[in-house]
Participant: 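Okay, here's the structure, questions in a sec.
Hydrogens, waters and symmetry mates are skipped; everything else that's a heavy atom, side chains included, is used. Letters A, B, ... mirror the listed sequences (proteins, then strands); counts begin at 1.
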Amino acid sequence: MRNFINRLAAALTVASMLTACWNRGALDVPNVNNPDIERTYSTPSGVEAVISTTYQQLWAATLGCTGCINTEAHALSLELYSELNNFSMNVRSLLPRGPIINDRTGNAGVNGVFSAAERAARSAANGMQALARLKVASTLSPPNALGSLAQDARARSFGFFTTGIALGSLAISYDSAAIVTPYTPSDSIPRLSGYQAVMTAALAMFDSAYATASSPDATNVGNAQGSGFPLPNTWIYQNALSQADFLKLIKTYKARFRAAVAHTPAERAAVNWTEVIADAKAGITSDFNILISTSQGWNASYDVSQMYSQGWSGMSMLIYGMADTSGAYAAFIGTPMATRDGGFLIRTPDKRFPQGATRAAQQADTPLPLPAGRYIQNQAAGDDSPAQGYGFSFYQNRRWYPIRAGNNNGPYTAINKIEMDMLIAEGYIRNAQFAQAAALIDASRARNGLPSIGNITSATQPIAGGSACVPLVPQPDGSTVACGTIMEAMKWEKRMETAFSCQFLCWYTDSRGWGDLPAGTATMFPVPYQEMDARLQPFYSFGGGNAYTAPKGTYGY
Amino acid sequence: MRVVRGGRLAAALLALASSLCLSGAAQAQGAVITGTVTDDGNVPLQGAQVMIESMTISVGTDALGKYTMNIPASRVTGQQVVLRVRSIGFTPQTVQITLSAGRQTHDFKLAVDVNRLSQVVITGVTAGTEQKKLPFTVAQVSASDMPVPAMNPTQALQGKVPGFYTATSNGRPGADLAVMIRTPNSIIGSTSPLYIVDGVIATQGIGSIDPLDIESVEVIKGASASTLYGSRAASGVIQITTKAGKTSTDGVKFSTRAEYGASDIEGAYRPALTNFLTMDETRTRYCAKTGATSTSTAAVGVQDCMQTLDLYQEALRVNEQSGTTIISPTKILTDGGIALTPPKQNLRGLFQVNLWPVTYDVVRQALTTGPYLNATVDMQGRFGASNYFASLSDLRQRGSVVFVDGYHRNNVRVNVDNTFGGDWTLSLRNYYARTQQFTGGTDFFSLTRQPPFVDLLRRDKYGRLFVRSVVTDQGNQNTNPAYSWEQANSVTDGDRYTGSMLLRWQPAPWMTSSFNFGFDRSNSGSAGQTNIGYRITTNSSPSTPLGSGSISNSSGQSYNANWDWTFRKDELVPKLNSRLVLLAVYEQRDNNSNSQSGAQFVAPGLTTTNALITNFNIGSGSSSQRSVGLVANANFEYRDRYILDVSGRRDGLSTFGVSHRWQGYGKASMAWRMSEERWWPLARQVNELKLRASTGQAGNTPGASWQYETFSIGTGGTLNPSTLGNRNLAPEVATETEIGIDAELFHRYGLTISRAHTITNNIILQVTPPAAAGFSSQYKNVGTLDGTTVEVSLSVPIIEKRDLSWSMRLNYDASRSMVSKLNVPDFFSGLFFYSAGEPIGRVWGRRFTTRCDELPYAYRDRCGDGKEWQRNDDGLIVWVGPGGRTWKDGITTNAWQAVLPASQAPYGVEESWGMPIIMRDTTSTATAKPVLKLPVGGKSIPDFRWSIAQQGTWKRLSFYALVDAIRGRAVYNQEKQWSLGDFAYHDVSQLGKSVETAKPIGYYWRVGAPDASGVGGWYDVIGPNNISVEDGSFVKIREVSLSYRVGRVWGVGNWMATIQGRNLKTFTRYTGFDPDISSGSVLNANDAYNFPPLRTMTFTISTTW
């Protein structure tokens, strides 16, 4: 027994010694298939690569996806009527409006832009933090991690810029979001903040982007270490923006977001329009285009690929009918909503619409690709959707048909110069500077065959044209029409130019600020239930009688 | 690739040579013990094992039951040793002898051990232990229990082990079965057990292991017995021991076996032999549709039939084009299906009653009877202190799909045991297999959606099969699957080497040390090409006729090494025997893969991707896992009746989070052999009764990459945060408590009852972190599963006579499992809903209303006989309107086109007359309530299962039959559901129905707005519902064999002729091919175009000499 115990003890000792020899690090197996954050940010080029793709991520989240809220917002704002419920289009199109059901039985599509924008902000913020570390780590030689002060400034300003777009996109879309900035610790998950606070942070990001991009470091293009501006043309695809153009783009987004964050007419009225005017004037001086290239990951999936059928994106006559000067629209509005039939011809001087007195003539006037200046086609009768009633129309917006015909490749206008002009005009109108506003509006109208709105001296004065004016606007009683005001003329130009041509939510954010959304429409999107699930917080729905439901709108429905 | 294969072959041959050299070098001389072993009827027992365990010496008996044991003189010291004899199916005997130089004789007469209580178990224990002393359950299946050879080992275990669940996820020859033992211990991880073959952890699976090499299989069912195996054993352990000639006598015995037969598919598919297309008055030609689309609101009434066509001729016209592309067929009036959106007028007004003018059994055209051939030769025997087994085998199973070769396997095995130097034993195991699997023929998706007017094997004047077999407008399913089976080359070649070396040293009777090294390596290469000229349709992939190609290779290898020390002490205190085992384990697994593909070959007849010029796609990956384990086990046995077994294991794994590198597991098991007590009053009635209880832990290791933080690499090299790493990721830990009894009644009937309760903590899920984290997912330990299984086995010897024996074994099991805790919000995944308290495997989906009280509250009073909502002959509640109409009056009162407006309808959704009503969320504030997901038809874990195996002999005739059954398992028949979408399934046909019971096509199509474009029907888009989820209960004749021992023929051999069958007949109400089906895992009871299980019938001739 004693021998047995002694031998056992000896064996256990040997086993213990063997165990002690074990190299604990032997179990640390690296993942050689995927980069992690340390490896991604371990080189200057890696950091720059992350920052450089954040705009593309945001583009994909806002316009490059069909299931994102851009598609739903089109329907909510009457930019389209769809009988198909893909991406909740039909349910958002229906009147009276129902809620945005934000639970597991409802629509999951609202998660796309939220998560993508939050993640893009996090990517940019982490990138800038890494950039700061790299710079410190390389104080000896070379003096700057990315090769030059200009290159460093370029990356940092672009990071601030895309963080601003990410936060701004969240602020105009949702009731709250997490504010991620370069000063947020990389392992921290901030709480949700209200949309105004989020927009304040976004505007601060734009200011930082502007300050960095216009700093002496950024202008030090000629130093020996290498490049700053122009931006590499992959960062914003095929836009090798000069320093000046990049600064204009920052101002443009700032102007757009500052106005769009208003979730109610009262908030819209309270916008600092002086700032908006100043930023918009310092913004783009021509259309800002993105070259759509699916092979390079730059899509405009819904607006380009899928809008070309009545079933997907019929044009709601409730809005587009305002172009009609024949009386058909007036009759349409004069009919109760339940029995309205959108199957009428729009005869209008607005050259963005097909011209002709008959459907056949209009069809002949709008072959594909559309003639210059036409945006809208009178479709072949065989393409008419079975949808009837107020959702039906003969028309389809085919402005971007060349991209579709080119297998989803070609230039697409993300921000129209007219959009900036009309922001300025709206600021002028709200400041009672009608003549300055009219000049901008008339310039756009003239390009599209519309007569001058005339000498406008008050916000309530009808524009010129009498009963044949454009736009002919439904009145609050919901059954009559009247010639629009200068504000309506501005709204018409902005709508026509940004229809299916905006990154993003232009119609929706404008309509809620103008008070034009149909009754019951949600005035903002709830934080998606997936995000609330992840935060272990209850989720909630908006619209359809829940919180943030729009009252009856300007147009009486 | 060939160089690599050659290397594996060379390695195998080298191992063979070294094995034989060692065996030859180990001859010894000395004392001789001889004798004869017979049964209690004096029939000699061949293959009985006679051994002196303390000296690790073992020999077998010959055909006359004789044995001779030679012991080296150096080991003969006059000591006392125990001579033990055992033979499978008999109670072992021991005798204590004095070992001295010279010859001595000991004869044995063994009693039948019907219930195998004396059979030794080696799995889950640290030393061989008899079943009657085992404190937990280890199921044993020996070669004699597997008289019907299977394609692979898991197939051989089907129906034989209670708690062992299998399902066919792919019935193609050579495919593995999905396996789950007892209840699931993971949600996103694998439920497959840990496979061990001759001490080698078989990380590459056991699909290529030749079942004919197997001597026995032991199955550990859960953590109460699998603690010794640590972090990959929570789902059980299957240990396979291959033959090694241990029971052979000196010399060599050869066996040859040739099996020939055929395979086919038993089940049938029921297509609709009718259509609803608009025909002319001859009922042979179809009305063409002018215009861009086939569907038309003007269809009912046939206003657009200016041109007619013969579909059979139209198919010829479309396909018989000289080039590689075909032309588009003429549109047919009122066409409709998944690819089209039939107008609601048609959905409510068309009845599918037109017979196709010419019909073919399309599925049977595609399925054929394929040959099965399995030829083996093996040798086993003993030379002095060495015993060995070697085998060669060639298996070919053609399968049952036209134009597609099936599976081909060549394998060779060499196993050698050698004792040398008195104290040392060396065991070598070597197995090499080459496999070739043709991977086409799985396209049951398009096969089951070919309408019966299609002649699938029809050829044009150029001798080509039609590429577009369907000329109606049905999208992807227009393509003829047989064309790709014939023309596309798709094959996977594999080779596999697995081997082990066990070196055991026993310097003293009380101590043994052994070192085991196992190696498992497999290479797999897949290739698929379509040549230039491969014909296409508008829905084909690739989209050009210039061919495409892909090549992928993967390799995996694993090593495992164990070093154990065993200390035994008999009579530690009087009548207390003890054993202590210390074990250190190291494992490493490495996997590599690469793939490349492209399109457009530069010239015909090429197969390399170098010859492709566009659409290149490349990829590769590699991973490595390492683990170490330290194990201690103590076993105590007091008075031969009180047994205590205690184990602990501490594992370190590279797949655990870096802050949680080590995990401990423990086990304690007890058994009380109550019948051994002197006071036991039922010695005659219950001659053996053991109560046992065991509780133990084991783990499921996280996936190889789950702990890591990863960025995905997008187009152009963009880096996007993907998976947020988890430094604290821990294994899923199952704690199982098993209690049971093992009994033998009246020295005849064996009874085993077990109840196992498993709680699995730290369940891992891939959860979504808040978006501001930057990453889209993270693997976290977030939940607990709770499972219970009851198992009963009953062994009944019915007749035991010298020339006649007949025995029966019955197995029963029932399992329940649920999520008991979930630290993340409830979620849906696949067929299931995960929530605390929710049963695992319960199928959720959309539910058509079947009872009045399922309608919204305000409508319930208006539902019932004679009311506005009634229950029709399918048991579904439908709207029939006021006025005394019944659901039978749709045609006679022209009611089918009637519509109840949304404002008046339940849930605020427009309702069509007579159509099914889908249940919606009445609590929603939406105008049109969203569709609910509800339990729709049972669980994929069955209510219970049973099997009966019968085995017997009569003179030279022997028979075996295995019948197994599942009761109460839900199966989602997605195959049928999608066919309804194309109006191609039998149910949509109204032929033979009366005007009262006939339903229009919309009744079988999609639900209505706002969810889809239909008017209420069964197809219901994608996802299970209470029509498509069926009762998958079945009774199956799983295995049958009948053998006749011919004996010597012309003085040579011992010949035997056998006929045998597998999967012969299934009795079920399930309407798919076979309810014994799943997709990927046993739980995922989704019949989604899976290749059905094969039925095989073969004839075997075999002999030994």
Participant: When rounded to the nearest 0.5 angstrom, what is the spacing between OG1 in B:Thr768 and CG in A:Asp533?
Facilitator: 9.0 Å
Participant: Between B:Thr723 and chain A, which part of the residue has a heavy atom less than 4.5 Å away: side chain, backbone, both or neither?
Facilitator: neither
Participant: Chain A heavy atoms under 4.5 Å from B:Tyr708: which part of the residue, side chain, backbone, both or neither?
Facilitator: side chain
Participant: What part of B:Leu653 is in contact with chain A, defined as an atom under 4.5 angstrom from a non-hydrogen atom: side chain, backbone, both or neither?
Facilitator: backbone
Participant: Check A:Leu27 against B:Gly652 and note the closest heavy-atom contact, atom names and distance.
Facilitator: CD1-C, 3.5 Å
Participant: Under 4.5 Å from any heavy atom of chain B, what part of A:Ile37 do you find: side chain, backbone, both or neither?
Facilitator: both
Participant: Is A:Val32 in contact with chain B via its backbone, its side chain, both, or neither, using a 4.5 Å heavy-atom distance?
Facilitator: side chain
Participant: Taking B:Ser776, B:Ser722, B:Ser623 one by one, which has the highest count of heavy-atom pairs under 4.5 Å against chain A?
Facilitator: B:Ser776
Participant: Under the salt bridge (charged side-chain N to carboxylate O under 4.0 Å, His left out) definition, can you give me all pairs with a residue in residues 118-127 of chain A, not counting sequence neighbours?
Facilitator: none
Participant: Quick check for you: among B:Ala773, B:Ala632, B:Gly621, B:Pro721, which has the greatest number of heavy-atom pairs under 4.5 Å with chain A?
Facilitator: B:Ala773
Participant: With sequence neighbours left out, what residues match A:Ala124 under side-chain contact (heavy atoms from CB on, under 4.5 Å)?
Facilitator: A:Thr54, A:Thr162, A:Thr163
Participant: Taking every heavy-atom pair that is under 4.5 Å apart, which of B:Asp826, B:Val824, B:Asn823 has the most such pairs with chain A?
Facilitator: B:Asp826
Participant: So how far is it from A:Asn31 CG to B:Ser624 OG, rounded to the nearest 0.5 Å?
Facilitator: 11.0 Å
Participant: Just so I understand: if I count every heavy-atom pair under 4.5 Å between each of B:Ser1013, B:Ser620, B:Ser622, B:Ser513 and chain A, which residue has the most?
Facilitator: B:Ser622
Participant: Are there over 12 heavy-atom neighbours, none belonging to B:Lys344, within less than 6.0 Å of that residue's NZ?
Facilitator: yes
Participant: Which atom names give the shortest non-hydrogen contact between B:Pro769 and A:Ala534, and what distance separates them?
Facilitator: C-CB, 3.7 Å
Participant: Using non-hydrogen atoms and a 4.5 Å limit, figure out which bit of B:Val658 sits close to chain A: side chain, backbone, both or neither.
Facilitator: side chain
Participant: With a 4.5 Å cut-off on heavy-atom pairs, point out which of A:Thr184, A:Asn34, A:Asn33 contacts chain B the most.
Facilitator: A:Asn33
Participant: When rounded to the nearest 0.5 angstrom, what is the spacing between CZ in B:Phe775 and OG in A:Ser123?
Facilitator: 8.0 Å
Participant: Give the minimum heavy-atom separation between A:Glu38 and B:Glu709, together with the two atoms involved.
Facilitator: N-OE1, 4.2 Å
Participant: Side chain, backbone, both or neither: which part of B:Ala584 has a heavy atom under 4.5 Å from chain A?
Facilitator: neither
